[in-house]
2 protein chains.
Amino acid sequence: MNRTAARTLDILNMFAKAGKPLTQNDICQALDMPKSSVHDLVYTLLEKGFLEYDNEQFKTLKLGLHLFEIGMSVIEKRNMVSVARPYLLKLHEAVHETIFIAVEDHADVVYLDCAEERGIMGGYINLGGRRPMYCSGLGKAILAAYNDPQTVKKIIKEGPPMKAHTANTLTTIPKLLKELEITRKRGYAVDNREVEMDTFCVAAPVFDRSNLPIGAVSVASVFTRMPPDRVEECGKEVINTALEISKQLGYQKPTLY
Amino acid sequence: MNRTAARTLDILNMFAKAGKPLTQNDICQALDMPKSSVHDLVYTLLEKGFLEYDNEQFKTLKLGLHLFEIGMSVIEKRNMVSVARPYLLKLHEAVHETIFIAVEDHADVVYLDCAEERGIMGGYINLGGRRPMYCSGLGKAILAAYNDPQTVKKIIKEGPPMKAHTANTLTTIPKLLKELEITRKRGYAVDNREVEMDTFCVAAPVFDRSNLPIGAVSVASVFTRMPPDRVEECGKEVINTALEISKQLGYQKPTLY
DNA sequence: CTTTATAGTTCATAATTGCGAACCGAGTTC
DNA sequence: GAACTCGGTTCGCAATTATGAACTATAAAG
């Protein structure tokens with residue numbers, strides 16, 4: 001790896017994680033780099049608009065708007081999102097819950113878009129944010145769609161060890177595989193308070209023209225609003241929506257899933 | 001400037017602009033770099049998740065999802081957007097047109113958020129996208145708010161020369177300054193087909209606690225839907241919305257604007 | 001099946017970058 | 001007001017990176 005390039009990218013990552021303006025010195029400490037080296041890279045990042053000075057505090061830095069621009073261009077080109085949008089809105093109309101669409105990335109799901117006022121979930125989820133696949137409805141929908149224990153194991157092992165977020169979290173691969181078996185039969189995945197005390201989701205996978213799962217759609221709600229018959233209803237809706245999106249993306253197989 | 005860092009960032013920019021997967025060779029040509037140098041940097045960008053291989057075509061590269069994550073984190077921290085969102089939705093309810101919120105960046109406005117189904121504007125505008133300030137309602141709202149010809153000149157000169165996008169575009173600084181004078185008196189800015197043949201916008205500036213304009217809100221529509229009395233109506237609404245948002249951000253002065 | 005073209009990889013050495021130490025400037029403390 | 005602190009800047013030599021040329025892999029053409 002090229003050290004200079006790696007350091008440059010590490011600095012960007014650091015700012016993204018930090019969530020607050022930082023000084024050059026903060027970078028030195030966190031990344032264990034000499035001041036003079038940080039100085040040179042920060043200068044370049046400033047020149048290129050990837051960093052800017054914060055107006056509030058003297059000599060503190062933050063990520064430049066330019067990175068927002070680049071970030072948006074990433075998903076504009078992944079056209080699942082644009083194809084899916086009208087379907088997400090329709091699903092939202094139908095169930096009046098927050099709708100998410102996400103893709104797999106390493107052992108996580110990454111939230112790409114939502115239909116609903118942001119913040120109604122208590123601000124837990126940000127677009128661009130991540131969750132481990134094993135404890136997310138979206139993640140389990142995708143994993144179930146692979147229909148292959150080996151693939152599931154491989155994916156999960158790419159990420160950090162499974163850990164309990166709540167009493168309901170599945171923390172071993174056998175438990176997860178059994179749950180995926182049920183998910184496949186049921187047709188939709190369920191997150192029954194596996195990552196937060198009160199959230200409850202149902203989710204279904206989206207396939208592309210090569211019949212591989214490329215993402216998932218979810219209906220996210222709170223536990224108290226989801227008695228069994230409501231779960232069933234939302235499950236049917238989310239399966240339908242995911243299937244319609246899949247068809248738009250060239251999915252052929254008349255769904256045995 | 002640090003050449004390695006600059007090249008690394010240039011590669012990211014190139015992918016963002018390109019809008020399609022690229023090969024290492026494409027990079028060599030576009031950025032005039034030797035193959036071996038590109039190779040090293042691409043390797044690092046891949047390792048760090050800033051680039052990934054495209055599944056469709058062998059050995060072509062595209063921007064990694066990780067950059068979407070970073071991009072979103074940029075605006076999460078600029079809290080005007082989160083504060084503004086409910087107001088944008090309310091304004092949308094009131095006027096049933098597409099609502100945008102944008103900030104200034106160099107001589108451009110950058111679109112940060114919208115309320116309305118994406119794509120209703122014919123896909124002209126993407127969140128994260130840019131327009132020159134001089135031919136955008138949002139831009140003119142911000143410029144008018146500075147209330148200082150020197151500042152306006154300085155900002156406009158940061159960008160490329162003013163150029164006509166349509167017959168209505170203002171292409172000289174004196175014309176622009178005169179228009180800003182009218183804008184100030186009227187209270188809202190107008191884009192009367194200055195950048196596209198049929199779009200018509202009204203916009204008003206958003207201020208922060210130091211009473212400086214930090215962005216603007218617009219109602220974007222098409223020319224045929226905007227007779228004078230409708231413009232007046234939307235103008236009043238957008239001024240109100242911008243003011244409410246400004247107040248939330250600590251704006252004090254009871255608005256002489 | 002040989003040739004040509006295209007894209008990527010490797011490697012030794014020239015060219016650039018990294019870094020310690022010294023320095024600056026603006027606050028704070030004693 | 002001397003001494004200390006915290007953040008940033010400068011500079012010359014040691015350490016790392018960049019690169020041309022040679023090489024590999026794969027696909028397309030003859």
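Just so it is clear: chains get the letters A, B, ... in the order the sequence lines come, proteins before strands, and each one is counted from 1. Quantities reported herein were computed from a predicted structural model and do not represent experimental measurements.
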- Do the side-chain N and O atoms of B:His66 and A:Asn13 include a donor-acceptor pair separated by under 3.5 angstrom? yes

- So, do B:Cys114 and B:Ile101 sit near enough that their side-chain heavy atoms are less than 4.5 Å apart? no

- Query: Under a criterion of less than 4.0 angstrom to any heavy atom of chain A, what are the 5'-terminal and 3'-terminal contacting nucleotides of DNA chain C?
  - Reply: C:dT17 to C:dG20

- Check whether any side-chain N or O of B:Thr44 sits under 3.5 Å from a backbone N or O of A:Asn2 as a donor-acceptor pair, and report yes or no. yes

- Query: Can you name the residues that form a ring pair (Phe, Tyr, Trp, His ring centres under 6.0 Å) with B:Tyr134, not counting sequence neighbours?
  - Reply: none

- Task: Indicate, with a heavy-atom threshold strictly under 4.0 Å, whether A:Asn25 touches base, sugar-phosphate, or nothing.
- Result: base

- Message: Could you check whether A:Tyr111 and B:Glu69, counting side-chain N and O atoms only, form a donor-acceptor pair closer than 3.5 Å?
- Response: no

- Task: List the atom of A:Pro205, the atom of A:Ser246, and the distance in Å for their closest heavy-atom pair.
- Result: O-OG, 4.2 Å

- Task: Let me know, please, whether A:Leu61 or A:Arg3 comes out on the 5' side of the other along DNA chain D by nearest nucleotide.
- Result: A:Leu61

- Item | Check ion pair B:Glu244-B:Lys247 (N to O, under 4.0 angstrom) | no

- Axis-to-axis angle between the two ends of the helix from C:dC1-D:dG30 to C:dC30-D:dG1 (five base pairs per end, rounded to 10 degrees): 30°

- Item | A:His106, NE2 atom: more than 12 neighbouring heavy atoms under 6.0 Å | no

- Results of side-chain hydrogen bond (donor to acceptor under 3.5 Å, both in side chains) for A:Asp40 - residues two or more places apart only: none

- Task: Please list, in 5' to 3' order, the outermost nucleotides of DNA chain D lying under 4.0 Å from any heavy atom of chain A.
- Result: D:dG7 to D:dA18

- Message: Between A:His39 and A:Thr4, which residue's closest nucleotide on DNA chain D lies nearer the 5′ terminus?
- Response: A:His39

- Task: Using ring pair (Phe, Tyr, Trp, His ring centres under 6.0 Å) as the criterion, list what pairs up with B:Phe68, not counting sequence neighbours.
- Result: none

